[in-house]
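The figures that follow rest on heavy atoms only: side chains count, while hydrogens, waters and symmetry mates do not. A, B, ... follow the sequence lines: proteins, then strands. Residue 1 opens every chain.
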There are 2 protein chains.
Amino acid sequence: MDHNIPDPSVRRLSAYLRQLERLAGEGTRHVSSRQLAGYIKAGDAQVRRDLALFGQFGRRGVGYEVDDLINVLRTILGTRQRQWPVVVVGAGEICHALLTYRGFRQRGFDVVAAFDIDPKKIGRTIGGVDVLPMEDCAPVIQRLEVRLAILAVPADAADETARRLCECGIEGILNFATTGLEVPEGVFVSEADITSHLEQLSFRLTSHRP
Amino acid sequence: MDHNIPDPSVRRLSAYLRQLERLAGEGTRHVSSRQLAGYIKAGDAQVRRDLALFGQFGRRGVGYEVDDLINVLRTILGTRQRQWPVVVVGAGEICHALLTYRGFRQRGFDVVAAFDIDPKKIGRTIGGVDVLPMEDCAPVIQRLEVRLAILAVPADAADETARRLCECGIEGILNFATTGLEVPEGVFVSEADITSHLEQLSFRLTSHRP
DNA sequence: GCGTGTGAAGATATTCACAGCC
DNA sequence: GGCTGTGAATATCTTCACACGC
């Protein structure tokens, strides 16, 4: 399987999967690229191209079988064969929201531990997940073979914490901090700063209308 | 000011602003496109191009004045002249995290109210913000001239709630639900589904290494 | 008829490379 | 020497349009 997949395509693959899961829940068995495109802001050719990057999954004249395509997309995204253990660092409000959200598991992610440096937070259990002292992060990550971390610490601690996570072998970081992170080669970062999202919107509402 | 600004550029403008705010806090007065690019995964020419979309803000041989550029970027992003009132819909855990996060205000956003349909949640005050019944959303949005909403309801309620918000005059939605939304022409949606972010990462860690 | 898969064309975004100014 | 701003070149992404199979 090739490696030069554009970022926008990967984002859309996620979006297709979300729609397909919904369709499957409604009992729909077949779907066309045009339908799928309708849910996303995209054209039907775009949908077919995105899928064609990985193989041929449809039938001409018919479309795609919903359940099949779900499995294909999960395989592509890496959430079919394995359940990904994930750690959350920083036991604040975002962490709380993440640990009580029950939707991750069925999508292939499993929050196995949270870490903090605040003794008042350490020892608590939130949503069935223990909040552990930051010192434990290396052994836990290694023992459970955790490769993904969610970073939810204050901005001024983000970079240092990220460095530490990378040392423990973390390869992917979902970053809720407002700071951009400096990470070693081979570590992927996905930015989830909420303020930036709001700024995208405020930009679009500011004198840039079509 | 033109309107055909690429989405990736707008995302980077946010990122530059975050870095500049940090630099300003550290007392740094000048910055070059190369430095700025170093924080982001981008080249120096990219930084200059992004800024050149809106004007000329640097001095040759010198670089950019940090405070000036902060003001420029805030103006571009629309967060300099005005404080944006924002409503949160769905008073769950994410809402709780949003209402207790104190960083929005200094970045130009002000959460003015939260809404829910659950009587047990209505009437509470979280982080100084009242949780109001969903029926009040239209009058509040109109009275406070709210144009931005954060959608934090369960997936199955997302589309219907979004429709309702658009009817109230909301023009930008930050969507935490896993569903893609169908919104009228002229309404902007920014997707913040956390599972999708995790899927981006798990994809990159799955057999697609360089 | 319908809908996929895909070369070829087109549109967009990024990088190069250098003139011009500090 | 350093660094911006920007045409020109390149790379990347998206759309068109049609052959092929259902």
Side-chain angles (χ1 to χ4, degrees), chain A residues 1-16 19-20 23 28-70 72-73 76 200 203-204 208 210, chain B residues 1-16 19-20 23 28-70 72-73 76 200 203-204 208 210:
Chain A
M1 210 163 272
D2 219 320
H3 52 83
N4 245 20
I5 307 298
D7 243 52
S9 292
V10 185
R11 266 196 292 276
R12 285 191 298 266
L13 293 175
S14 269
Y16 303 149
Q19 296 307 324
L20 289 164
L23 291 172
T28 308
R29 307 197 65 78
H30 291 95
V31 67
S32 70
S33 59
R34 175 184 289 242
Q35 284 175 277
L36 223 33
Y39 304 124
I40 317 296
K41 157 222 135 105
D44 53 345
Q46 182 71 83
V47 175
R48 296 196 298 277
R49 267 275 186 259
D50 287 336
L51 297 174
L53 291 167
F54 299 93
Q56 304 183 183
F57 309 110
R59 280 200 299 158
R60 304 182 180 208
V62 179
Y64 303 89
E65 217 265 294
V66 171
D67 288 345
D68 280 0
L69 199 49
I70 287 176
V72 165
L73 287 175
I76 292 171
Q200 310 301 308
F203 173 83
R204 295 295 172 192
H208 312 278
Chain B
M1 209 164 272
D2 218 319
H3 54 84
N4 245 18
I5 308 296
D7 242 51
S9 292
V10 185
R11 265 196 293 276
R12 284 190 299 266
L13 293 175
S14 270
Y16 303 149
Q19 295 307 323
L20 289 163
L23 291 172
T28 308
R29 305 198 66 79
H30 290 95
V31 68
S32 70
S33 59
R34 175 185 290 244
Q35 285 175 278
L36 225 30
Y39 305 123
I40 317 297
K41 158 220 134 106
D44 52 345
Q46 182 71 82
V47 176
R48 297 196 297 277
R49 266 273 185 262
D50 287 335
L51 297 173
L53 290 167
F54 299 93
Q56 304 183 181
F57 309 110
R59 281 200 299 158
R60 303 183 179 209
V62 179
Y64 303 89
E65 217 265 296
V66 171
D67 288 346
D68 279 1
L69 198 49
I70 287 175
V72 164
L73 287 176
I76 292 170
Q200 310 302 308
F203 173 82
R204 295 296 173 191
H208 311 278

State, to 0.1 Å, how close [X] and [Y] come at their nearest heavy-atom pair, and which atoms those are.
X: A:Ile76; Y: B:Phe203; result: O-CD1, 3.3 Å
X: A:Ser33; Y: A:Val47; result: O-CG2, 3.7 Å
X: A:Phe57; Y: A:Leu51; result: CE1-O, 3.4 Å

(request) Please tell me if the side chains of A:Val62 and A:His30 come closer than 4.5 Å, counting only heavy atoms from C-beta onward. (result)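 SC-SC contact between A:Val62 and A:His30 confirmed.
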Measure from [atom1] on [X] to [atom2] on [N] and round the result to the nearest Å.
X: B:Leu51; N: C:dT14; atom1: CG; atom2: C1'; result: 15 Å
X: A:Phe57; N: C:dT4; atom1: CZ; atom2: C1'; result: 13 Å
X: B:His30; N: D:dC3; atom1: NE2; atom2: P; result: 12 Å
X: A:Glu65; N: D:dC22; atom1: CD; atom2: P; result: 16 Å
X: B:Leu53; N: D:dT4; atom1: CG; atom2: C1'; result: 15 Å
X: B:Leu36; N: D:dG5; atom1: CG; atom2: P; result: 12 Å
X: B:Arg34; N: D:dG2; atom1: CZ; atom2: P; result: 10 Å
X: A:Leu69; N: C:dG3; atom1: CG; atom2: P; result: 16 Å

(request) Evaluate the salt bridge (charged side-chain N to carboxylate O under 4.0 Å, His left out) criterion for residues B:Asp7 and A:Arg204: first the C-alpha distance (whole Å), next the side-chain angles of each, then the deciding distance (0.1 Å), finally the verdict. (result) CA-CA 10 Å; B:Asp7 242 51; A:Arg204 295 295 172 192; 2.7 Å; yes
(message) Less than 4.0 angstrom from a charged side-chain N to a carboxylate O is my criterion; do B:Asp50 and B:Arg11 meet it?
(response)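 A salt bridge is absent here (no side-chain N lies under 4.0 Å from a carboxylate O).
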(message) Would the distance check show the side chain of A:Gln19 and the main-chain N or O of A:Tyr16 forming a donor-acceptor pair, the cut-off being under 3.5 Å?
(response)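 No: the side chain of A:Gln19 does not pair with the backbone of A:Tyr16.
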(message) Quick check: on DNA chain D, is the nucleotide nearest A:Gly61 upstream (toward 5') of the one nearest B:Gly55, or the reverse? Name the residue that is more 5'.
(response) B:Gly55
(request) Kindly say if B:Ser33 contacts the phosphate of D:dC3, meaning a side-chain N or O under 4.0 Å from OP1 or OP2. (result) no
(request) Look at the side-chain N and O atoms of A:Tyr64 and state whether any lies under 4.0 Å from the OP1 or OP2 oxygen of C:dG5. (result) yes
(request) Report, as a single string ordered 5' to 3', how protein heavy atoms within less than 4.0 Å touch nucleotides 7-16 of chain D: B base, S sugar-phosphate only, - not at all. (result) BB----SSB-
(request) Assess whether one donor atom and one acceptor atom, taken from the side chain of A:Arg60 and the base of D:dC20, lie less than 3.5 Å apart. (result) yes
